[in-house]
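Down below is the structure, laid out as structure tokens.
Whatever order the structure lists them in is the order used to number ligands and atoms, beginning at 1. This structure is a prediction, so every number in the text was calculated from the model and none was measured.
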Amino acid sequence: EAKKQGRSQHVFFESDMASRVELAYSLENELRQAVSQQQFFLVFQPQVGVQEGVIQGAEVLIRWRHPERGVVPPFEFIPVLESSGLIQEVGKWLIFESCQCIRDWQNQGLWQEDAWLSVNVSPNQFYNPSFVDDVLAALKITGVKPECLELEITEGIVIGDTENTIKKLQKLRSHGIRVAMDDFGTGYSSLSYLKRIPLDVLKIDQSFVRDVTVDKTDKAIVEAILAMSISLDLEVVAEGIETKEHYLFFKGTRCHRYQGYLYSPPVEASFFKEMLKEIVVA
Ligand code: C2E
Ligand code: MG
Ligand code: MG
Ligand code: MG
């Protein structure tokens, strides 16, 4: 009986694997179509000055408008873009499109001189030998100042190839592009690499923010990151500010900017443009 059960489990496992492989394969095909049919679009989540209380810039987040499934969130497809190599084309488009948005909003008089868009960069996109040139080309073609662009990398990128990463980041920063470490504190690496990586901004991961006002450990971690950011001369962004309590906590610290549902979820370009209009008027 046990043998029979073990066997049927085995068969079940194999067919489960097969269907998962099939699923991944069809997802990859669908994503190829999505690229050729331009089904991706950008949404923007305002980044707000903690003390000033106004929008200073925004994080750019990708969405996929699937013909049947509607809007698909990035965690369902970014890994497949990465593993299939499609991220090269999509990543290049993301950066170009972000610069193009800045250009449009500048032309319409909606862009504050020192505002920025912050764009997420995934590992295989970053490791492409032409990455830095592609970014510089996008800025040049659109006529956008490098200071208007921030790139968000992750600890995973650094661990993958530390020396190469340092060189590329130095090059980007030498042009005036800012670099932010996203999801800070969630990676494997510890604090030692921070000294060597050329950075401008640390983004405190939302997993530490969620319970910062009730959980002593999370509070200690957040305070340690903030204290460290002083000696490393880094700007700090708090992610996932959902409540007034979250906001008030960070208002009492040296944290520079925040983003989160309390101020606004990520919104489509037309909506973000309306938000920009309000600042210009204000
Ligand atoms: P991330 O870069 O850390 O982005 C922050 C995520 O937190 C976004 O999810 C955002 O919608 C969500 N968020 C914002 N405010 C709140 C809040 O108050 N509470 C909570 N619980 N969540 C909040 P999203 O857009 O689903 O993106 C998830 C992840 O997918 C991103 O994490 C990033 O790693 C990746 N991603 C998104 N867009 C891109 C992209 O254009 N390129 C690359 N390479 N990765 C992207
Ligand atoms: Mg990010
Ligand atoms: Mg993040
Ligand atoms: Mg995150």
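At least one heavy atom of Arg63 sits less than 4.0 Å from an atom of ligand 1. At least one heavy atom of Glu242 lies less than 4.0 angstrom from ligand 1.
Only the side chain of Leu94 comes within 4.0 Å of ligand 1, judged by heavy-atom distances. Within the 4.0 Å heavy-atom criterion, neither part of Lys203 lies near ligand 1.
Take the N/O/S atoms of Asp183: the one nearest the Mg ion (ligand 3) is OD1. Looking only at its N/O/S atoms, Asp182 has OD1 as the one nearest to the Mg ion (ligand 3).
Residue Gln125 has no nitrogen or oxygen atom sitting less than 3.5 Å from a nitrogen or oxygen atom of ligand 1, judged on distance alone.
In summary, Asp205 places no N/O/S atom under 2.8 Å from the Mg ion (ligand 3), failing the contact criterion.
If you put the vertex on the Mg ion (ligand 2), OE2 of Glu59 and OE1 of Glu152 sit 90° apart, to the nearest 10°.
Geometric assessment of Lys168 against the ring of Phe126 yields a positive cation-pi assignment under the 6.0 Å and 45° thresholds. Taking the ring centre of Phe41 as origin, the terminal cationic atom of Arg65 falls inside the region bounded by 6.0 Å and 45° from the ring axis.
The backbone N or O of Glu68 sits less than 3.5 Å from a side-chain atom of His66, completing a donor-acceptor pair.
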